[in-house]
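Below, read A as the first sequence line, B as the second, and so on, with proteins coming before strands; counting in each chain starts at 1. Predicted model only: the values in this text are computed from it and were never measured. These numbers come from the heavy atoms of this one structure, side chains and all, not from hydrogens, waters or symmetry mates.
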Number of protein chains: 2
Amino acid sequence: MAGVRAAQKEKTRRALIQAAMNQLSAEHGYASLSLREVAREAGIAPTSFYRHFQNMEELGLTLVDEGGLTLRQLLRQSRQQIAKGGSIIRASVTTFMEFVTNNTAIFRLLLQEKSGNSRDFRLAVTREVEHFTAELVDYLVDEQQFDRELAELQADAIVRIVFSAGADALDADAKERQRLTEQTIAQLRVVARGAEATRQVAKTRESAAL
Amino acid sequence: MAGVRAAQKEKTRRALIQAAMNQLSAEHGYASLSLREVAREAGIAPTSFYRHFQNMEELGLTLVDEGGLTLRQLLRQSRQQIAKGGSIIRASVTTFMEFVTNNTAIFRLLLQEKSGNSRDFRLAVTREVEHFTAELVDYLVDEQQFDRELAELQADAIVRIVFSAGADALDADAKERQRLTEQTIAQLRVVARGAEATRQVAKTRESAAL
DNA sequence: AAATTGAGCGAACACATGTTCACTGAATGC
DNA sequence: GCATTCAGTGAACATGTGTTCGCTCAATTT
């Protein structure tokens with residue numbers, strides 16, 4: 001009942017996932033990922049791959065899920081930073097950029113499969129991004145008292161800007177990445193100001209109608 | 001001197017490009033594009049491919065260039081619509097969404113290769129997007145009298161939002177696409193308001209400092 | 001009219017791919 | 001202690017890949 005066997009199996013499963021990620025980070029994307037090369041790096045025979053995954057696609061979807069998990073951990077981190085006080089915008093963007101820096105392979109995977117060629121993959125990634133947006137909407141509604149509609153508009157814009165900047169950060173060196181981070185922060189502040197102004201306009205119109 | 005021969009060559013070259021685009025739009029991206037299948041669809045032998053392109057990569061870069069060209073044509077259209085009067089934001093977003101609708105394959109290619117695995121490709125796409133941003137900056141500076149710095153911040157944010165929305169539009173039906181278009185317009189208005197507010201803040205601080 | 005050019009072709013090569021199959025041998029259940 | 005399970009294996013298969021080579025034969029040049 002010690003589960004020596006099960007433990008070993010889990011271990012090589014992790015080895016496969018890790019091998020796949022290593023090969024992603026390099027030069028080739030998921031599309032050009034080879035079962036045989038992954039197996040080789042994981043230290044098993046190509047045929048043994050099928051003891052762990054039915055398909056290459058199943059491996060791929062697993063990678064996306066792992067990426068999503070890491071992304072949600074990031075969200076939690078970010079919220080902790082906010083609880084400590086300080087600018088929510090700066091904290092979020094900084095944390096996000098750190099995530100991109102420390103999990104390049106995973107973020108690149110998410111990014112590529114978001115507009116990739118497998119519908120299943122696209123849906124999986126979209127689902128992860130929607131989680132991200134939903135959390136942000138809740139924050140804007142609960143903590144900043146925005147209307148749900150305006151909160152959704154704003155959150156969606158923020159997520160689009162941040163993910164897009166993250167994509168650019170992948171190819172950037174440390175200095176350029178710093179510039180990108182500051183630029184993104186400034187942009188989110190513009191958006192926040194715009195949302196605030198929009199809320200005021202709506203309120204004014206409301207009282208004028210009374 | 002009639003150039004019957006040269007004309008024929010150009011014709012099959014176009015056939016190759018067209019064949020490649022057809023196969024992109026379907027289910028497979030550039031990465032999984034096969035020389036043999038492209039040649040088959042173009043109606044020539046696989047070996048004849050090399051009479052027109054040195055590599056598959058050369059074909060791919062040609063596709064990106066063609067996409068960029070179409071994108072710049074889009075920009076011109078958009079400016080014409082603005083000249084006719086009417087909201088610049090609405091005109092731009094609408095034109096952009098039409099482009100995505102009518103050139104799905106091309107836009108998907110640009111999108112994929114933007115975060116793809118070939119550095120050459122990424123640079124080519126980035127260059128195209130930068131053209132797009134630069135035009136927008138000029139407009140904001142010349143027509144709206146923004147400072148160059150704030151104009152760049154704003155233009156960059158706008159391009160990020162619009163491209164990201166375009167990506168989502170790829171998978172959407174007509175109704176959802178309409179919703180996306182309206183959402184994007186609303187978001188750009190928020191950004192515009194935010195930029196305006198930011199400009200006012202800067203001005204106030206300036207005069208206070210005097 | 002003769003010589004040259006060059007787009008298109010068919011055969012062949014060397015190779016990598018995903019997947020199947022019957023197998024071995026250690027961990028597990030009884 | 002014996003029977004069973006099952007992760008890992010090596011050989012083999014069928015197929016698709018990019019690319020080379022020498023050839024044909026119509027358009028072009030001389």
**Message:** Give me the atom names and distance for the closest heavy-atom approach of B:Val64 to B:Leu109.
**Reply:** N-CD2, 3.9 Å
**Item:** Between C1' of D:dG16 and CD of B:Gln23, the distance in whole Å
**Value:** 14 Å
**Item:** Strand-adjacent residues in residues 39-52 of chain B, judged by heavy atoms under 4.0 Å from DNA chain D
**Value:** B:Thr47, B:Tyr50
**Request:** Quickly work out the B:Gln54 CD to C:dA7 C1' distance and round it to whole Å.
**Result:** 17 Å
**Request:** Would you kindly give the CG-to-P distance between A:Leu59 and C:dG18, to the nearest whole Å?
**Result:** 11 Å
**Request:** Sorted by first residue and then second, give each salt bridge (Lys or Arg N to Asp or Glu O under 4.0 Å) pair with at least one member in residues 130-142 of chain B; sequence neighbours left out.
**Result:** B:Arg79-B:Glu135, B:Asp138-B:Arg148
**Request:** Kindly state which residues belonging to residues 116-124 of chain B come within less than 4.0 angstrom of DNA chain C, counting heavy atoms of the residue only, listed by number.
**Result:** none
**Request:** Return the set of residues passing side-chain hydrogen bond (donor to acceptor under 3.5 Å, both in side chains) with B:Thr94 (not counting sequence neighbours), or none when no residue passes.
**Result:** none
**Fill in**
Checking D:dG8, C:dG8, D:dC6 against the side chain of B:Gln8 (C-beta onward), the nearest is C:dG8
**Prompt:** What nucleic acid atoms does B:Glu37 come within less than 4.0 Å of, heavy atoms only: base, sugar-phosphate, or nothing?
**Reply:** sugar-phosphate
**Complete:** Tested for side chain to side chain contact (heavy atoms under 4.5 Å, CB included) against A:Leu24, the lone hit among A:Ile106, A:Leu63, A:Thr104 is A:Leu63
**Fill in**
Residue pairs passing the salt bridge (Lys or Arg N to Asp or Glu O under 4.0 Å) test with at least one member in residues 36-61 of chain B, sequence neighbours excluded, are none
**Prompt:** Residues in side-chain hydrogen bond (donor to acceptor under 3.5 Å, both in side chains) with A:Glu196, at least two apart?
**Reply:** A:Arg199, A:Gln200
**Item:** Residue list, side-chain hydrogen bond (donor to acceptor under 3.5 Å, both in side chains) with A:Thr95, at least two apart or on another chain
**Value:** none
**Fill in**
A:Arg36 atom CZ is separated from D:dC13 atom P, nearest whole Å, by 14 Å
Can you give me every donor-acceptor pair (side chain of residues 187-195 of chain A, partner residue at least two apart or in another chain, under 3.5 Å) with its distance?
residue, atom, partner, partner atom, Å
A:Gln187, NE2, B:Leu153, O, 3.0
A:Gln187, NE2, B:Asp156, OD2, 3.0
A:Arg193, NH1, B:Thr198, OG1, 2.9

**Prompt:** Tell me: CG of A:Leu16 to P of D:dG8, nearest whole Å?
**Reply:** 8 Å
**Asked** Expressed in angstrom and rounded to an integer, what is the separation of A:Phe53 atom CZ from C:dT19 atom P?
**Response** 14 Å
**Message:** For residues 169-183 of chain A, which residue pairs pass the salt bridge (Lys or Arg N to Asp or Glu O under 4.0 Å) check, not counting sequence neighbours?
**Reply:** A:Arg90-A:Glu182, A:Arg108-A:Asp171, A:Asp171-B:Arg119, A:Asp171-B:Arg122, A:Glu176-A:Arg179
**Request:** Measure from NZ on B:Lys11 to C1' on C:dA7 and round the result to the nearest Å.
**Result:** 14 Å
**Item:** Length of the line joining B:Lys9:NZ and D:dT28:C1', which is rounded to integer Å
**Value:** 14 Å
